[in-house]
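To keep things clear, I will list the structure first and then write my remarks on it.
Everything quoted here is computed from the prediction, not taken from an experiment. These values consider heavy atoms only, across backbone and side chains, with no hydrogens, waters or symmetry-generated copies.
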Amino acid sequence: MTDNVSTHQAEEDARNEAIQIWVNGRVVPKAEAMVSVYDSGFMLGDGVWEGIRLYNNRWSFLDEHIDRLFEAAKAIDLDIARSKDEVIAAVLETQRANAMTTDAHARLMVTRGVKTRPFQHPKLSQRGPTMVIIMEHSRQKLPRPIRLATVPHMRGLPMTQDPKLNSHSKLNCILACIAAEKAGADEALMLDVHGFVNTTNACNFFIVRKGEVWTSTGDYCMNGITRQKVIDLCRANGIPVYERNFSLVDTYSADEAFLTGTFGAQTPVGSIDGRIIGSGEIGPTTERLRGLYKAMVGA
């Protein structure tokens, strides 16, 4: 029995057994929400997605998430076949169907659709796209700061699989997470192609050193919306912040470390590769940024 936790660890909520899911224009009960085994997303991971968060009846940064979804779809030459306004309307329809007002998380997924034959070529996806919105009651439940372990898996170069794509093809990050758990950690710390500290398998990564907030250059990580909001909050509130290359040596001696993501907002890191970071608990800068972020989103 392990005591592993996840950055996406949430309180149990019985209401999630009765949620309604949006599938290709229809809102259906969870048990009836299905897609074909010939779907491009199931068969090949051919699709893109976004996670969005509801606080006090408002989807945080919704327009930015929808813009990023459409940018990713264009990058992989996937026609969503709906306007941005129509996608937003589908999110709001799903919210109404589930009577959700706060502390909800939605995963919006678009694939190239159902294939005529079980092979790779995108021209075989002739009945598409497939669009699904899963919306759950979700409040983070994190009993302690998380533990990270550095893994050999990297977020690579754009000519392999651009790390800025929120694609359905997540095997690289899944393998990184497995390696971290095998090492007794909760999540993986991933380096970039030059050996500098980059990101985790699921979130963007920050450290705090002598009152300064550092994060990676952004060249090899997801262009996280929460990541950018934290950078903006630092700049607006007199907190020195730098997007720069830094090493594991810099990281191990940091005063604080935290992760950013749509679900967890700012998640404190207690240890990395067995080294305690700061006090091992949430630090004052992380706590301050968490408060500033909550005020921003109205949480």
Side-chain angles (χ1 to χ4, degrees), residues 2-9 51 140 142-157 160-166 169-209 212-228 230-231 241-283 285-286 289-290:
T2 67
D3 65 338
N4 286 104
V5 299
S6 164
T7 52
H8 296 100
Q9 192 157 316
Q140 190 183 43
L142 200 65
R144 56 165 174 78
I146 69 162
R147 301 183 296 241
L148 301 181
T150 308
V151 299
H153 309 77
M154 295 183 297
R155 292 288 185 99
L157 294 166
T160 53
Q161 183 174 328
D162 196 320
K164 290 180 168 39
L165 278 176
N166 248 355
S169 307
K170 301 294 288 184
L171 185 58
N172 184 46
C173 294
I174 292 166
L175 290 173
C177 187
I178 290 170
E181 290 203 342
K182 296 287 187 184
D186 305 310
E187 193 156 309
L189 184 62
M190 303 172 75
L191 307 182
D192 68 20
V193 296
H194 304 293
F196 294 113
V197 173
N198 186 16
T199 183
T200 75
N201 57 274
C203 300
N204 291 117
F205 179 74
F206 288 75
I207 61 173
V208 182
R209 291 175 58 89
E212 297 177 347
V213 176
W214 294 7
T215 191
S216 71
T217 62
D219 293 335
Y220 304 102
C221 69
M222 184 67 202
N223 53 334
I225 290 171
T226 309
R227 174 186 187 270
Q228 187 59 52
V230 165
I231 292 170
V241 61
Y242 300 97
E243 295 175 86
R244 57 176 297 177
N245 289 323
F246 58 94
S247 70
L248 283 171
V249 172
D250 300 314
T251 302
Y252 294 150
S253 58
D255 302 312
E256 305 173 40
F258 63 92
L259 311 181
T260 61
T262 300
F263 177 81
Q266 296 79 39
T267 301
V269 175
S271 69
I272 301 172
D273 297 333
R275 282 86 162 174
I276 301 299
I277 304 301
S279 68
E281 300 297 329
I282 187 169
T285 301
T286 308
L289 286 168
R290 182 182 274 185

Show which side-chain atoms of residues 176-184 pair as donor or acceptor with protein atoms under 3.5 Å away, not counting sequence neighbours.
none

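K164 contributes atom NZ, which lies 12.0 Å from atom CG of N166 (distance to the nearest 0.5 angstrom). Atom CZ of R155 is separated from atom CG of D219 by 14.0 Å, given to the nearest 0.5 angstrom. Here the straight-line distance linking atom OG of S247 with atom CG of L191 works out to 9.5 Å at 0.5 Å rounding. Taking CG from L165 and CE from M222, the interatomic distance works out to 7.5 Å, rounded to the nearest 0.5 Å. Going from atom OG1 of T150 over to atom CG of L248 covers 4.5 Å, rounded to the nearest 0.5 Å. To the nearest 0.5 Å, atom CG of residue N198 and atom SG of residue C221 are 5.5 Å apart.
Of all heavy-atom pairs between A149 and D273, the closest is CA-OD1, 3.2 Å. Here the closest non-hydrogen pair linking A185 and N4 is O-ND2, 2.6 Å.
V197 is not listed as a side-chain neighbour of D250, based on a closest heavy-atom distance of 4.5 Å or more. At least one side-chain heavy atom of T226 sits less than 4.5 Å from a side-chain heavy atom of Q266. You'll find the side chain of F263 stays beyond 4.5 Å of the side chain of T7, heavy atoms only. Within the 4.5 Å cutoff, the side chain of N201 has heavy atoms near those of the M190 side chain. The shortest distance between side-chain heavy atoms of T251 and F246 falls below 4.5 Å.
T286 pairs by the side-chain hydrogen bond (donor to acceptor under 3.5 Å, both in side chains) definition with E256, not counting sequence neighbours. R209 pairs by the side-chain hydrogen bond (donor to acceptor under 3.5 Å, both in side chains) definition with S253, not counting sequence neighbours. S279 meets the side chain to side chain contact (heavy atoms under 4.5 Å, CB included) test with E281; sequence neighbours excluded. By the side-chain hydrogen bond (donor to acceptor under 3.5 Å, both in side chains) test, R144 pairs with D186, sequence neighbours left out. Partners of F206 by ring pair (Phe, Tyr, Trp, His ring centres under 6.0 Å), not counting sequence neighbours, listed by chain and number: F258. In this structure, the side chain to side chain contact (heavy atoms under 4.5 Å, CB included) partners of Q9, at least two apart in sequence or on a different chain, are V5, S6, P143. Applying the ring pair (Phe, Tyr, Trp, His ring centres under 6.0 Å) test to H153 and every residue at least two apart in sequence or in another chain returns nothing. With sequence neighbours left out, the side chain to side chain contact (heavy atoms under 4.5 Å, CB included) criterion links F196 to D192, H194, N245. For S271, the side-chain hydrogen bond (donor to acceptor under 3.5 Å, both in side chains) test picks out no residue, with sequence neighbours left out. In this structure R227 satisfies the salt bridge (Lys or Arg N to Asp or Glu O under 4.0 Å) test together with E243, sequence neighbours excluded.
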What do the steps show when you test E212 against T285 for side chain to side chain contact (heavy atoms under 4.5 Å, CB included), and what is the final call? CA-CA 9 Å; E212 297 177 347; T285 301; over 6 Å; no

Evaluate T262 against I225 for side chain to side chain contact (heavy atoms under 4.5 Å, CB included), listing each step before the verdict. CA-CA 8 Å; T262 300; I225 290 171; 5.6 Å; no

Between N204 and V230, is the side chain to side chain contact (heavy atoms under 4.5 Å, CB included) condition met? List the steps. CA-CA 11 Å; N204 291 117; V230 165; over 6 Å; no

Pair Y252, I272 - check side chain to side chain contact (heavy atoms under 4.5 Å, CB included), show working. CA-CA 7 Å; Y252 294 150; I272 301 172; 3.9 Å; yes

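Of the possible polar contacts, none joining the K170 side chain to the A202 backbone as a donor-acceptor pair under 3.5 Å is found.
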